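Okay, so here's the structure we're looking at.
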Amino acid sequence: MGDYSIRLMEIKDLDDVMEVEQKSFSIPWTREAFYNEIENNSFASYLVVEHGEKVVGYCGVWIIVDQAHITNVAVLPELRGNGLGHLLMKSMVTLAIEMGAATMTLEVRVSNEPAQHLYRKLGFQNGGIRKNYYSDNQEDALVMWVNLK
């Protein structure tokens with residue numbers, strides 16, 4: 001898989017994170033949103049996957065009491081399919097367990113089969129549907145859960 005490392009996101013990563021975000025989503029988060037998550041949200045933790053000095057993917061989670069909720073996960077499009085999403089998610093599961101989480105949940109587009117496959121490999125199961133969840137096209141979201149303990 002090459003020389004990749006995982007670490008906590010820092011403010012200095014925001015230029016690279018914004019590149020990943022803008023290449024990954026039709027309605028990307030703003031730089032300010034990520035800044036606020038890192039600096040002001042005590043529930044939030046973000047990991048980045050780095051290749052050399054460049055951030056090529058990231059994953060965020062909110063941990064409230066014993067529940068972890070994945071906020072977003074993305075890898076540069078040209079690097080997808082190389083196991084980086086799996087590496088990020090496995091690392092986030094480990095972090096969430098270390099922080100006391102007993103369950104983890106996320107939403108994923110019903111059309112995003114590759115992501116659903118990744119989450120199932122990590123033990124996630126279908127939990128329900130959120131109708132018209134995505135504001136860009138009103139696509140439904142599949143809610144997925146996994147017990148961490």
Side-chain angles (χ1 to χ4, degrees), residues 1-2 4-14 16-18 20-21 24-51 55-77 79-149:
M1 193 171 63
Y4 294 95
S5 59
I6 301 279
R7 63 172 173 76
L8 288 172
M9 186 185 291
E10 301 172 25
I11 297 299
K12 70 180 177 85
D13 299 322
L14 289 182
D16 286 347
V17 167
M18 289 309 301
V20 174
E21 181 73 4
S24 298
F25 300 108
S26 59
I27 302 179
W29 280 23
T30 63
R31 182 185 187 91
E32 182 180 67
F34 282 104
Y35 181 90
N36 284 327
E37 286 288 279
I38 296 168
E39 289 294 307
N40 302 320
N41 186 345
S42 61
F43 299 113
S45 295
Y46 282 77
L47 295 175
V48 295
V49 59
E50 201 172 38
H51 182 64
V55 170
V56 297
Y58 68 89
C59 183
V61 69
W62 286 9
I63 299 176
I64 302 172
V65 189
D66 66 347
Q67 293 189 357
H69 181 242
I70 297 292
T71 56
N72 42 15
V73 59
V75 172
L76 282 173
L79 295 176
R80 290 179 193 156
N82 292 318
L84 297 178
H86 188 263
L87 179 63
L88 270 169
M89 286 295 297
K90 270 188 68 152
S91 299
M92 188 57 82
V93 165
T94 300
L95 179 64
I97 291 168
E98 289 171 358
M99 295 177 75
T103 62
M104 181 177 276
T105 185
L106 54 80
E107 293 87 12
V108 59
R109 289 179 186 268
V110 294
S111 65
N112 192 344
E113 291 291 335
Q116 291 174 38
H117 178 71
L118 164 65
Y119 304 142
R120 284 189 187 98
K121 282 195 330 191
L122 293 166
F124 282 81
Q125 298 177 5
N126 294 0
I129 297 287
R130 293 196 201 282
K131 289 292 204 186
N132 306 315
Y133 184 80
Y134 292 97
S135 59
D136 61 338
N137 65 357
Q138 278 57 64
E139 184 173 356
D140 295 345
L142 173 62
V143 180
M144 300 183 79
W145 289 85
V146 66
N147 287 318
L148 302 177
K149 294 186 176 186

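Keep in mind the model is a prediction, meaning the values are calculated, not measured.
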**From SG (Cys59) to CG (Leu84), nearest 0.5 Å** = 12.5 Å
**Request:** Return the minimal non-hydrogen interatomic distance between Glu107 and Val143, and the atom names on each side.
**Result:** CG-CG2, 4.3 Å
**Prompt:** If you look at every heavy atom in Ile63 and Ala68, which pair is closest and at what distance?
**Reply:** CG1-CB, 4.0 Å
**Request:** Kindly assign one of parallel, tilted or perpendicular to the pair Trp29 and Phe34, based on the angle between their ring planes and the thresholds 30° and 60°.
**Result:** tilted
**Validation row: Arg7, Asp13 side chains within 4.5 angstrom (heavy atoms)** = yes
**Asked** How many angstroms lie between NZ in Lys149 and CG in Asn147, if you round to the nearest 0.5 Å?
**Response** 11.0 Å
**Request:** Only counting residues at least two apart or in another chain, list the ones meeting side chain to side chain contact (heavy atoms under 4.5 Å, CB included) with Ser26.
**Result:** Arg109, Asp136
**Item:** Ala96 versus Leu148, closest heavy-atom pair with distance
**Value:** CB-CD1, 4.1 Å
**Prompt:** At their closest point, which heavy atom of Arg80 faces which heavy atom of Val75, and how far apart are they?
**Reply:** NE-O, 2.9 Å
**Item:** Heavy-atom side-chain contact between Ile11 and Glu39 under 4.5 Å
**Value:** yes
**Asked** If you round to the nearest 0.5 Å, how far is CG of Asn36 from CG of Asn41?
**Response** 9.0 Å
**Item:** Close side-chain approach of Met92 to Met104, heavy-atom, < 4.5 Å
**Value:** yes
**Message:** Side chains of Thr71 and Tyr46, heavy atoms from C-beta outward: is any pair under 4.5 Å?
**Reply:** yes
**Request:** With sequence neighbours excluded, tell me which residues meet side chain to side chain contact (heavy atoms under 4.5 Å, CB included) with Arg120.
**Result:** Gln116, Asn126, Leu142, Met144
**Item:** 4.5 Å side-chain heavy-atom contact, His69 and Ile64
**Value:** no
**Request:** Kindly give the heavy-atom pair with the smallest separation between Leu88 and Gly57, and that separation in Å.
**Result:** CD1-C, 3.9 Å
**Prompt:** Shortest non-hydrogen contact from Ser135 to Ile27?
**Reply:** OG-CD1, 3.4 Å
**Message:** Quick one, Ile70 with Met89, criterion side-chain contact (heavy atoms from CB on, under 4.5 Å). Give me CA distance, side-chain angles, the key distance, then yes/no.
**Reply:** CA-CA 9 Å; Ile70 297 292; Met89 286 295 297; 4.2 Å; yes
**Prompt:** How far does CZ of Phe124 sit from CG of Leu106, to the nearest 0.5 angstrom?
**Reply:** 4.5 Å
**Asked** Can you check whether Ile6 reaches Val48 side chain to side chain, under 4.5 Å on heavy atoms?
**Response** no
**Item:** Intermediate values then yes/no, side-chain contact (heavy atoms from CB on, under 4.5 Å), Ile129 and Lys131
**Value:** CA-CA 6 Å; Ile129 297 287; Lys131 289 292 204 186; 4.2 Å; yes
**Prompt:** Which residue, Asn82, Leu79, Val20, forms the side chain to side chain contact (heavy atoms under 4.5 Å, CB included) with Val56?
**Reply:** Leu79
**Complete:** Rounded to the nearest 0.5 Å, the OG1 atom of Thr103 sits from the CH2 atom of Trp145 at a distance of 5.0 Å
**Gap between atom NZ of Lys90 and atom CG of Leu95 - 0.5 Å precision** = 14.5 Å
